[in-house]
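Some notes on the structure that comes next.
The figures here come from the full heavy-atom set of this structure, side chains too, leaving out hydrogens, waters and symmetry mates. Here the structure is a predicted model, which means the values were calculated and not measured.
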Amino acid sequence: MNEQSRLEKLRNLGVRLHELQLVQPIAGKSYTSVALNYLFSRHELTRPCGQSLDVTLRSLAEAIVQKHHLKFSRFDSDSIIDYFCRLYRAH
């Protein structure tokens with residue numbers, strides 16, 4: 001998946017989280033940023049600053065795998081987005 005597709009999916013996830021009243025949009029922040037902030041805070045992780053989207057998503061995936069002792073052989077930046085989109089039913 002390319003970066004534009006990732007951003008679009010994360011934006012849709014942010015909109016869905018807002019619909020579910022799990023997040024409130026913040027002035028000056030995109031739905032993408034709100035979604036990422038929510039995912040990191042929900043799993044009690046610190047969001048890395050100044051990193052590319054791919055690196056940020058991979059660090060989220062790795063931290064979730066380690067924290068919850070998941071047995072995934074491949075949980076990368078694309079699969080973490082797909083996982084959360086399915087979990088929250090974002091399209």
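- Taking OG of Ser33 as the start and CZ of Arg11 as the end, the distance is 13.5 Å to the nearest 0.5 Å.
- Rounding to the nearest 0.5 angstrom, the gap separating the OG atom in Ser52 from the CZ atom in Arg58 is 6.5 Å.
- Note on Arg6 versus Asp78: salt bridge recorded, some NZ/NE/NH1/NH2 to OD/OE distance being below 4.0 Å.
- Electrostatic pairing of Lys9 and Asp82 counts as a salt bridge here, judged by a charged N lying under 4.0 Å from a carboxylate O.
- The only option from Val55, Ile81, Ile80 that meets the side-chain contact (heavy atoms from CB on, under 4.5 Å) definition with Leu60 turns out to be Ile80.
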> So Phe40 and Ser59, side-chain contact (heavy atoms from CB on, under 4.5 Å) or not? Walk me through it.
Replying inline: CA-CA 10 Å; Phe40 275 92; Ser59 66; 4.1 Å; yes
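- A continuous path of Ile, Leu, Val, Met, Phe, Trp and Tyr side chains, each step under 4.5 Å between heavy atoms, connects Leu36 with Leu87, placing both in one hydrophobic cluster.
- In terms of the ring-ring contact (aromatic ring centres under 6.0 Å, His included) criterion, Tyr38 has no residue partners (sequence neighbours excluded).
- Crowding of Arg42 atom CZ: a count of heavy atoms from other residues, nucleotides or ligands under 6.0 Å not exceeding 12.
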>> Between Thr32 and Leu13, is the side-chain contact (heavy atoms from CB on, under 4.5 Å) condition met? List the steps.
In response: CA-CA 8 Å; Thr32 301; Leu13 179 59; over 6 Å; no
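- There is a path of hydrophobic side-chain contacts, each under 4.5 Å, that joins Leu17 to Leu53.
- Around CD of Glu19, the count of heavy atoms belonging to other residues, nucleotides or ligands within 6.0 Å exceeds 12.
- The neighbour count for Lys29 NZ, taken as heavy atoms of other residues, nucleotides or ligands under 6.0 Å away, does not exceed 12.
- Scanning all heavy atoms of the two residues, the minimum distance from Ala35 to Leu10 falls at CB-O, 3.6 Å.
- Pro25 and Tyr31 make their closest contact through CG-OH, 3.9 Å (heavy atoms, listed as atom of the first residue, atom of the second, distance).
- Transitive grouping of hydrophobic side chains (ILVMFWY, heavy atoms separated by less than 4.5 Å) brings Leu22 and Tyr83 into a common cluster.
- Hydrophobic clustering (ILVMFWY, side-chain heavy atoms < 4.5 Å, transitive): Ile26 and Leu20 are in distinct clusters.
- Connection of Tyr88 to Met1 is not established within any shared hydrophobic cluster, with ILVMFWY side chains joined at heavy-atom distances below 4.5 Å, either directly or through further cluster members.
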>> Between Asn37 and Arg47, is the side-chain contact (heavy atoms from CB on, under 4.5 Å) condition met? List the steps.
In response: CA-CA 7 Å; Asn37 288 341; Arg47 182 176 170 190; 2.7 Å; yes
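- Note that CG of Leu45 and CG of Leu39 are 10.0 Å apart. Values are rounded to the nearest 0.5 Å.
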>> Quick one, His91 with Asn12, criterion side-chain contact (heavy atoms from CB on, under 4.5 Å). Give me CA distance, side-chain angles, the key distance, then yes/no.
In response: CA-CA 6 Å; His91 302 285; Asn12 292 342; 5.7 Å; no
